[in-house]
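Structure first, commentary second.
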Amino acid sequence: MAVVPTSKAAPAGAGQASPPTQYGRALALLATLFFMWGFITVINGTLLPHLRSVFELSYFQAALIESVWFIAYFFASIPSAKLIERIGYQKSLVVGLLIMAAGALGMTLAASLPSYGVTLFMLFVIASGITLLQVAANPYVAVIGPSETASSRLNLVQAMNSAGTMLAPLFGAYLILGRSKGGTAEAGATLTQAERLADAHAVILPYVLVAVVLLVLAIVIARFPLPAMGSATSRVAKEERKHHSLWNHRNLVFGIGAIFIYLIAEIGVGNLFVNFVSRPEIGNMTTEQAGRYLTLLWGGMMVGRFVGSAIMQKVDAGIVLAAFSIAAFIVMMVTVFTQGEVAMWSLILVGLFHSIMFPTIFTLGIKGLGPLTEEGSGLLIMAIAGGALVAVQGWLADTYGLQHSFLLTAICELYILFYALWGSKPTNAIED
């Protein structure tokens with residue numbers, strides 16, 4: 001998911017520092033960052049069933065892998081902001097990519113041992129690098145060009161993020177699940193110790209390729225003449241912020257909860273999708289084949305963002321969010337209480353209705369904050385850590401069954417509906 005930047009105006013010189021041709025090249029370069037962190041985040045959707053087979057993990061232990069990933073958002077966001085303040089945006093982008101590359105190479109070490117503990121740590125490292133990119137790249141995209149086209153730029157990079165999430169399952173299904181015994185075996189098959197060791201080594205090549213791409217991107221960004229961002233407007237805003245309180249804004253307070261809860265729904269579906277679809281009573285296929293269907297889930301999110309963006313040009317964003325949350329609730333109930341292809345396709349369809357939720361909640365959450373927008377945005381970004389609670393759904397799957405665990409997702413959709421209809425209405429709005 002791509003976090004929507006919140007800067008309302010470009011600092012002096014930020015937008016004019018480069019001619020239009022260079023601005024276009026810089027935007028294209030930054031779009032690759034959104035693609036890469038979307039790609040790497042979603043590749044966990046195919047990595048989880050693989051690791052569950054290699055280490056013989058319960059659903060809770062497998063979901064804990066994703067929890068570690070999102071805990072990094074909570075712990076790394078503030079240090080990331082301080083690092084940007086110290087070394088600047090461009091160097092921070094480079095550092096973020098290097099941290100991610102180090103974590104990717106560390107995954108090859110975890111696969112060689114193999115070690116569940118080292119795997120958790122390296123995924124935390126990769127996620128910390130992505131957090132730094134999130135904090136640095138989002139506000140940069142807002143000011144790199146003319147302010148009147150900021151929305152167009154944000155839609156573009158969010159689409160690139162969705163493209164990464166759509167292609168990652170194909171990459172993972174082919175290079176991880178397709179090259180492992182566990183990924184190509186029938187559901188419920190028992191692997192020998194030697195087969196599990198061989199499967200662990202299947203992770204090495206994909207993460208080496210990811211590390212190489214990240215290192216190349218780091219070199220390109222380090223050498224690219226990105227325009228500097230000024231700080232004058234930030235100093236002015238600091239003085240204005242002293243006269244207001246974040247907690248007087250209902251849309252922000254409930255928006256933090258909405259982001260937190262939405263992440264539980266989105267990540268829970270993505271993580272358990274392959275395990276669910278491959279079950280004999282649902283799709284009756286191998287995990288490799290199920291991984292390919294995961295592409296449709298994330299592809300639906302990309303399509304939904306384009307469609308939702310067009311609809312919201314004429315219809316209030318809160319109404320659109322309410323409609324999408326109702327549709328998401330319906331398809332999740334179908335997933336829980338049906339079998340076979342009906343349950344499988346209803347779970348795929350939820351990606352279409354999840355598509356607009358993150359950026360729409362984020363936009364509604366910062367509405368009317370005025371000089372408090374920057375702090376409010378920071379709290380909303382930290383709420384991404386809600387994805388860590390996907391371990392709760394893993395526990396539900398172990399205790400009550402995988403299919404019934406998706407009732408948690410349905411409950412999350414109801415909170416989004418509450419936010420769309422009431423919680424998102426601004427109180428004590430401040431003029432921008």
Side-chain heavy-atom pair F276, L347 within 4.5 angstrom cut-off: yes

Please report the closest heavy-atom contact between L120 and V68, naming both atoms and the distance. O-CG1, 3.3 Å

Taking every heavy atom of C412 against every heavy atom of A265, the minimum-distance pair comes out as CB-CB, 3.8 Å

Determine the minimum heavy-atom distance between V210 and A104, stating which atoms define it. CG1-CB, 4.3 Å

Flag side-chain contact, heavy atom, 4.5 Å: M107 against L123: yes

Side chains of L352 and L297 in contact at under 4.5 Å (non-hydrogen atoms): no

Find the distance between CG (L296) and CG (L349) and round it off to the nearest 0.5 Å. 11.0 Å

Does T360 reach the main-chain N or O of L321 with its side chain, forming a donor-acceptor pair under 3.5 Å? no

Using the side chain to side chain contact (heavy atoms under 4.5 Å, CB included) rule, take F74 and I384 through it: C-alpha gap first, then chi angles, then the decisive distance, then the call. CA-CA 8 Å; F74 182 82; I384 294 174; over 6 Å; no

Drop me the distance from M332's CE to L414's CG, to the nearest 0.5 angstrom. 11.5 Å

Walk me through it: do I267 and Q393 pass the test side chain to side chain contact (heavy atoms under 4.5 Å, CB included)? CA-CA 10 Å; I267 303 306; Q393 187 167 353; over 6 Å; no

Check whether any side-chain N or O of N251 sits under 3.5 Å from a backbone N or O of G365 as a donor-acceptor pair, and report yes or no. yes

Is there a side-chain contact between Y293 and W345 in this structure, where contact means two heavy atoms from C-beta onward sitting under 4.5 Å apart? yes

Below 4.5 Å, heavy atoms only, C-beta onward: do F121 and V118 meet side chain to side chain? no

Donor-acceptor contact below 3.5 Å, side chain T427 vs main chain N248: yes

Interatomic distance, N428 atom CG to L252 atom CG [nearest 0.5 angstrom]: 12.0 Å

Using modelled atom types only, decide if a donor and an acceptor are shared between the side chain of E341 and the backbone of G283 within a distance under 3.5 Å. no

Is the closest side-chain heavy-atom distance between L364 and Y419 below 4.5 Å? yes

Would a distance-only check, ignoring hydrogens and angles, find a side-chain to backbone donor-acceptor pair under 3.5 Å from R250 to K425? yes

Modelled atom types, side-chain donor and acceptor of E266 and Y262, under 3.5 Å: yes

I'd like to know if the side chain of S405 and the backbone of L396 have a donor-acceptor N/O pair within less than 3.5 Å. no

Taking the side chain as everything from C-beta on, heavy atoms only, tell me whether L215 gets closer than 4.5 Å to L98. yes

Taking F35's backbone N and O only, do any of them form a donor-acceptor pair with N161's side chain (distance below 3.5 Å, no angle check)? no

Rounded to the nearest 0.5 Å, what separation is found between the OG1 atom of T32 and the CD1 atom of I221? 5.5 Å

Proximity of W37 and F34 rings by center, below 6.0 Å: yes

Supply the atom-to-atom distance F273 CZ to M344 CE, rounded to the nearest 0.5 angstrom. 7.0 Å

Donor-acceptor contact present, side-chain E413 to main-chain S325, <3.5 Å: no

Between E281 and Q403: side-chain donor-acceptor atoms closer than 3.5 Å: no

Which heavy atom in V94 sits nearest to a heavy atom in A218, and how many Å separate them? CG2-O, 3.8 Å

Between F329 and F353, is the ring centre distance below 6.0 Å? no

Evaluate the side chain to side chain contact (heavy atoms under 4.5 Å, CB included) criterion for residues V277 and I348: first the C-alpha distance (whole Å), next the side-chain angles of each, then the deciding distance (0.1 Å), finally the verdict. CA-CA 10 Å; V277 169; I348 291 172; 5.7 Å; no

Identify the heavy atoms of I256 and A383 that sit nearest to each other, and give their distance. O-CB, 3.5 Å

Donor + acceptor pair across side chains of T335, S346 (<3.5 Å): yes

Excluding sequence neighbours, so at least two apart, what forms side chain to side chain contact (heavy atoms under 4.5 Å, CB included) with I71? F75, F124, A388

Ring centres of F418 and Y415 under 6.0 Å apart? yes

Looking at CE of M100 and OG1 of T131, how far apart are the two atoms once the value is rounded to the nearest 0.5 Å? 10.0 Å

When you look at OH of Y116, are more than 12 heavy atoms from neighbouring residues, nucleotides or ligands closer to it than 6.0 Å? yes

Show the nearest heavy-atom pair for residues A420 and G318, with the distance to one decimal. CB-O, 3.5 Å

Stepwise side chain to side chain contact (heavy atoms under 4.5 Å, CB included) test for Y73 and I130: CA-CA 9 Å; Y73 275 93; I130 289 179; 3.6 Å; yes

